[in-house]
Amino acid sequence: MFEKYSKELNNLKEQSHFRDIKDFEKKDEKHIWLNGQKLINLSSNNYLGFADNSEITKEFLEFSNGKYSFGSASARLLTGTLPIYKDLETLLCEMFKKESALIFNSGYHANVGINSSLASKGDVIFSDKLNHASIIDGMRLSEAKFFRYPHNNMEALEKLIIRERNNFNDAIIVSESVFSMDGDIADLKKLVELKEKYNCILILDEAHAFGVFGKNGLGVSETLELTEKIDIIIGTFGKAIGSMGAFAVGDKTLINYLTNKARSFIFSTALPPISIAFTKWIIENKLPKTFEKRTNMLSIGKKFGSDSHIIPVIIGGNRETVEKCNILYQNGYFTLPIRPPTVPEGTSRLRLSLTTEITEKEIQDAISLVK
Ligand SMILES: Cc1ncc(COP(=O)(O)O)c(C=O)c1O
């Protein structure tokens, strides 16, 4: 039975593409326990150490004192909403100086909902080749035509726009700010310039930058003083914020449109009130105290040749990459091999993600082991 599926699973195993869920015993803000071994977690998006942190969890539970429930029981547009959701959206509007904000259940929901609904038949989307799977899935669900331009290649993007823009009604450019697998940063200045020159809507996914970059942690758009110029900024709460969910901020018309058209928002039960309250509490009380730690983390990234806190160590083949992971594992580090289709064929890699808890020496040692 299910012969087709077991055959495909065997294929995946032969090509070292097979994925399985690990049996971790325990986690804290820096470590992960596997098979009784305590390992430094180099594979976490818990950049500021707010998740898996018993002190923070305890402090928040004391603060919230039973006020928030663990289930919303409904979608936002039905009965799944309370003042705390609006309070978080208002806070985000104030921080970004944008008219409106909308919370989504995850970054995946946000990208699927936004990219599938903003562009409709007769429109076009220009998307960076290395944009996250959720952006690709959103574009696939949209009735618009989409083109993927070579990664961060602004000349190629402009040529593509010149060739295609006038064949369509509305045009959207979509990019990540910090690219999740390469840790490099989009040329935001040029993206803004192109968007203005060719009358496009610019969507920026700051999933890995929200909480990490910028004076107030708003992202790369804050560092470059470009928040005002970007039509829709997306950020996630599941990474640096240590919570769950995502948001989009932008012009009132666009956000109202998403509220009415983004199916991943409309047809899914809202996040639990306690998650929303935790996100808001972290952003208001903990994030403002992280500037020094974040700056230090980014300077460690720079020392190892990255523009961000994500350091890619490209190995090449799948098998060698898995072997390198095992070497790190035997020496007290946890990383996962990143393989196609997540990254292009032949560029399998270790993706070392820094957190504010990890020291320069620990990263230096890990890289020496791999080399
Ligand atoms: C760039 C980017 N956008 C969106 C997501 C999805 O966010 P979430 O995990 O909240 O669904 C991720 C990773 O998970 C990502 O790397």
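Read the numbers this way: they start at 1 and go in the same order the structure lists the ligands and their atoms.
Shown here is Asp23, whose CG atom has no more than 12 heavy atoms of other residues, nucleotides or ligands within 6.0 Å.
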Exercise for the section: Carefully, step by step, assess His151 and Asp182 under the rule side-chain hydrogen bond (donor to acceptor under 3.5 Å, both in side chains). Expected result: CA-CA 10 Å; His151 176 51; Asp182 285 40; 4.7 Å; no
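Under 4.0 Å is where a charged nitrogen must lie from a carboxylate oxygen, and between Lys97 and Glu228 no such pair does. Salt-bridge annotation for Lys195 and Asp231: present, with a side-chain N of the basic residue lying under 4.0 Å from a carboxylate O of the acidic one.
Residue contacts with ligand 1, taken as heavy atom pairs separated by less than 4.0 Å, do not involve Ile234 at all. No part of Met244 comes within 4.0 Å of ligand 1, judged by heavy-atom distances. Contacts between His109 and ligand 1, counted as non-hydrogen atom pairs separated by less than 4.0 Å, are absent for every part of the residue.
The distance criterion of under 3.5 Å between nitrogen or oxygen atoms is not met by Ser134 with respect to ligand 1. In terms of polar-atom proximity, defined here as any N/O pair under 3.5 Å, Gly107 does make such a contact with ligand 1. Residue-to-ligand polar distances keep Glu176 apart from ligand 1: every N/O pair is separated by 3.5 Å or more. Ligand 1 has no nitrogen or oxygen under 3.5 angstrom from a nitrogen or oxygen of Thr236.
A distance below 6.0 Å separates the ring centres of Phe24 and Phe334.
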